[in-house]
Amino acid sequence: MSDVARAAFDPWDPAFVADPYPAYAELRARGRVMYFEATDQWLVPRHADVSALLRERRLGRTYLHRFTHEEFGKTPPPPEHEPFHTLNDHGMLDLELPDHTRIRRLVSKAFTPRTVEGLKPYVQRLAGDLVARLVEAGGGDLLTDVAEPLPVAVIAEMLGIPESDRPLLRPWSADICGMYELNPSEEAARRAVRASVEFTAYLRDLIAARRAQPGEDLISGLIAAHDEGDRLTEQEMISTAVLLLNAGHEATVNATVNGWWALFRNPDQLAALRADHSLIPTAIEELMRYDTPLQLFERWVLDDIEIDGTTIPRGAEIAMLFGSANHDPDVFTDPERLDLTRRDNPHISFSAGIHYCIGAPLARIELAASMKALLTQAPTLAPTAEPERRPNFVIRGLKGLPVETR
């Protein structure tokens, strides 16, 4: 099985990164699970299996709630990586019950349907202003001019991060997210550690300022919850803020540029969208499916599990291929075709189970706002050059997307 995986799956090959979907089709055709020696992981490419495993309690984002590294057969991370792991391991995405539930309950108060709906006018106004500036300039980089600043501003506003400090956030986030790639390099680790140290120090100061002078922001809310008896350590506050920033904009940024590049390459679909803006809701879901921003999600095997007659032992790691699952023909009719009218679209781009993306409703509002603003204010938006794809596999995106509006 490892030979099959090696032949089809090469996340360090630029050609594979540019278009992994044909390789996924080969993986799905060969089986439901296969071992990939290069990363010591079991690849799961089919939708039904990925969907079920995201809800499987014998898997976990961490194992440290039950085992030490040594008991689980793993080597502890190098001591010099400690700042990254301290930051990462105290966020709810990498926690299991009961800590995950405790933190998610507190954070979810900021993401109630009423709260998110209340953000819509602010998001729409901000998206309109960003697109207006793009149009006034006659074009620019859709990534840096619209896709990035919108979600960064929204999540920073929710966290209460001053506008003058917001340019710090995206570079820190990008460096931290480098550690989520497969077999990250030592240079990537150094950047992630440095960003973790700097971001942590910044948030410690911000938390201290909010303790002295509370506001209406999420960090003030977490402090108040802690003071009222909902146990939340300062490290958990810091890790939660970083997770919300990273998860709150990485997917939205990449979904925006991946989506528009897909539209440019499918002019019939773009023309249909321009003619009928009521397609925006289904278009967003289809674009998230068609070119998935998060291609892979990892889980540890806490107790032996069997997939298609193959026993995956405790201590192993499963890599669920979201991008492949979203192109599974057993679930999606003609999956390689972009169809903005697709109604039956159970994509898993926002994950599932207890780790389902808490910010998914906000991400949809942001994506709809920027799409509506671009369709309305820049009806002839077009690319000026073939964009360069980021070399990353797990978090899929472009280095930029040059466009003109005239």
Side-chain angles (χ1 to χ4, degrees), residues 1-12 16 20 23-67 69 71-75 77 85 88-89 91-97 100 179-184 247 292-328 330-331 346-357 392-396:
M1 285 188 291
S2 60
D3 290 338
V4 173
R6 193 181 305 114
F9 184 78
D10 188 353
W12 303 284
F16 173 88
Y24 289 155
E26 184 178 341
L27 289 179
R28 290 191 303 269
R30 297 295 181 92
R32 291 171 54 193
V33 63
M34 55 216 69
Y35 180 66
F36 185 55
E37 188 175 2
T39 58
D40 190 21
Q41 291 174 320
W42 292 85
L43 306 179
V44 177
R46 296 188 185 177
H47 187 283
D49 292 318
V50 170
S51 183
L53 291 173
L54 286 169
R55 298 168 172 84
E56 173 58 65
R57 299 309 306 144
R58 287 173 292 177
L59 303 182
R61 281 290 293 175
T62 183
Y63 52 79
L64 294 174
H65 61 309
R66 286 183 50 183
F67 309 98
H69 291 296
E71 288 169 342
F72 207 60
K74 300 300 174 187
T75 303
H85 290 287
N88 182 73
D89 296 353
M92 61 182 172
L93 183 61
D94 281 81
L95 290 172
E96 293 297 319
L97 305 176
H100 173 274
M179 281 292 271
Y180 303 140
E181 293 299 318
L182 298 175
N183 296 356
T292 310
L294 180 67
Q295 290 281 310
L296 176 151
F297 194 66
E298 298 162 327
R299 301 288 287 275
W300 294 105
V301 181
L302 305 177
D303 295 297
D304 292 3
I305 191 169
E306 184 178 302
I307 303 174
D308 197 26
T310 298
T311 298
I312 315 297
R314 187 182 83 181
E317 191 174 32
I318 287 179
M320 293 171 277
L321 300 177
F322 281 14
S324 176
N326 281 342
H327 281 247
D328 190 336
D330 288 345
V331 177
H347 70 77
I348 51 173
S349 299
F350 288 119
S351 192
I354 69 166
H355 291 295
Y356 179 78
C357 178
N392 313 57
F393 161 65
V394 175
I395 299 175
R396 180 171 174 79

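Keep in mind that the numbers below use all heavy atoms, side chains included, and drop hydrogens, waters and symmetry copies.
A salt bridge links R57 and E96; the closest N-O separation between the charged side-chain nitrogens and carboxylate oxygens is under 4.0 Å. The pair D308-R32 counts as a salt bridge, with a side-chain nitrogen and a carboxylate oxygen less than 4.0 angstrom apart.
Residues that satisfy the side chain to side chain contact (heavy atoms under 4.5 Å, CB included) test with R314, not counting sequence neighbours, are F67, F72, D304. Residues passing the side chain to side chain donor-acceptor pair (under 3.5 Å) test with R299, sequence neighbours excluded: none. Checked against side chain to side chain contact (heavy atoms under 4.5 Å, CB included), A352 has the following partners two or more places apart in sequence or in another chain: L54, R55. Residues meeting the side chain to side chain contact (heavy atoms under 4.5 Å, CB included) test with H69, sequence neighbours left out: Y63, L64, P76, P77. Judged as a side chain to side chain donor-acceptor pair (under 3.5 Å), and not counting sequence neighbours, D89 has no contacts. Checked against side chain to side chain contact (heavy atoms under 4.5 Å, CB included), D330 has the following partners two or more places apart in sequence or in another chain: D328.
The line from CG of D49 to CZ of R28 is 12.0 Å long, rounded to the nearest 0.5 Å. The CG atom of L302 lies 12.0 Å from the CZ atom of R61; values are rounded to the nearest 0.5 Å. Taken to the nearest 0.5 Å, the CD atom of Q295 stands 10.0 Å off from the CD atom of E181. L296 contributes atom CG, which lies 11.5 Å from atom CD1 of I318 (distance to the nearest 0.5 angstrom). Expressed to the nearest 0.5 Å, how far CG of L93 lies from OG1 of T62 amounts to 11.0 Å.
Looking at E71 and R66, their side chains never come closer than 4.5 Å, going by heavy atoms from C-beta outward. Side chains of L43 and Y24 form no contact here, defined as non-hydrogen atoms less than 4.5 Å apart. In this structure, the side chains of V394 and N392 stay at 4.5 Å or more apart for every pair of heavy atoms. Annotation: side chain of V301 is not in contact with side chain of E317 (no heavy-atom distance under 4.5 Å). Contact annotation: the side chain of V331 approaches that of P346 to within less than 4.5 Å [non-hydrogen atoms, C-beta and beyond]. Using a 4.5 Å cut-off on side-chain heavy atoms (C-beta onward), T311 and I305 make no contact.
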message = As a quick check of understanding, evaluate side chain to side chain donor-acceptor pair (under 3.5 Å) for Y35 and D40, giving each step before the final call.
response = CA-CA 7 Å; Y35 180 66; D40 190 21; 2.6 Å; yes
inquiry  = The test is side-chain contact (heavy atoms from CB on, under 4.5 Å); show your working for H100 and H355 and say whether it passes.
reply    = CA-CA 9 Å; H100 173 274; H355 291 295; 3.4 Å; yes
inquiry  = Pair R46, S324 - check side chain to side chain donor-acceptor pair (under 3.5 Å), show working.
reply    = CA-CA 7 Å; R46 296 188 185 177; S324 176; over 6 Å; no
side-chain contact (heavy atoms from CB on, under 4.5 Å) between M179 and N88, intermediate numbers included = CA-CA 10 Å; M179 281 292 271; N88 182 73; over 6 Å; no
inquiry  = Let's go through L321 and V50 carefully: what are the C-alpha distance in whole Å and the side-chain angles of both, what is the deciding distance for side-chain contact (heavy atoms from CB on, under 4.5 Å) to 0.1 Å, and is it a yes or a no?
reply    = CA-CA 7 Å; L321 300 177; V50 170; 5.7 Å; no
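Here the closest non-hydrogen pair linking E298 and L182 is OE2-CD2, 3.5 Å. Between L97 and H65 the shortest heavy-atom distance is O-CD2, 4.2 Å. Taking both residues in full, the closest heavy atoms of P45 and G31 are given as CG-O, 3.6 Å, listed atom of the first, atom of the second, then distance. For the residue pair I348 and N326, the shortest heavy atom distance occurs at N-OD1, 3.0 Å. Annotation for A8 and A23: closest pair O-CB, 2.9 Å, computed over non-hydrogen atoms. Nearest heavy atoms, L53 versus M320: CB-SD, 3.7 Å.
In summary, the aromatic rings of F393 and F9 are positioned with their centroids under 6.0 Å apart. Taking the six-membered ring for Trp and the full ring otherwise, the centers of H327 and H47 sit at least 6.0 Å from each other.
The side-chain tip of R396 does not point at the ring of F322 from less than 6.0 angstrom away and within 45° of straight on.
By the 30° and 60° cut-offs, the orientation of the rings of W12 relative to F36 is parallel.
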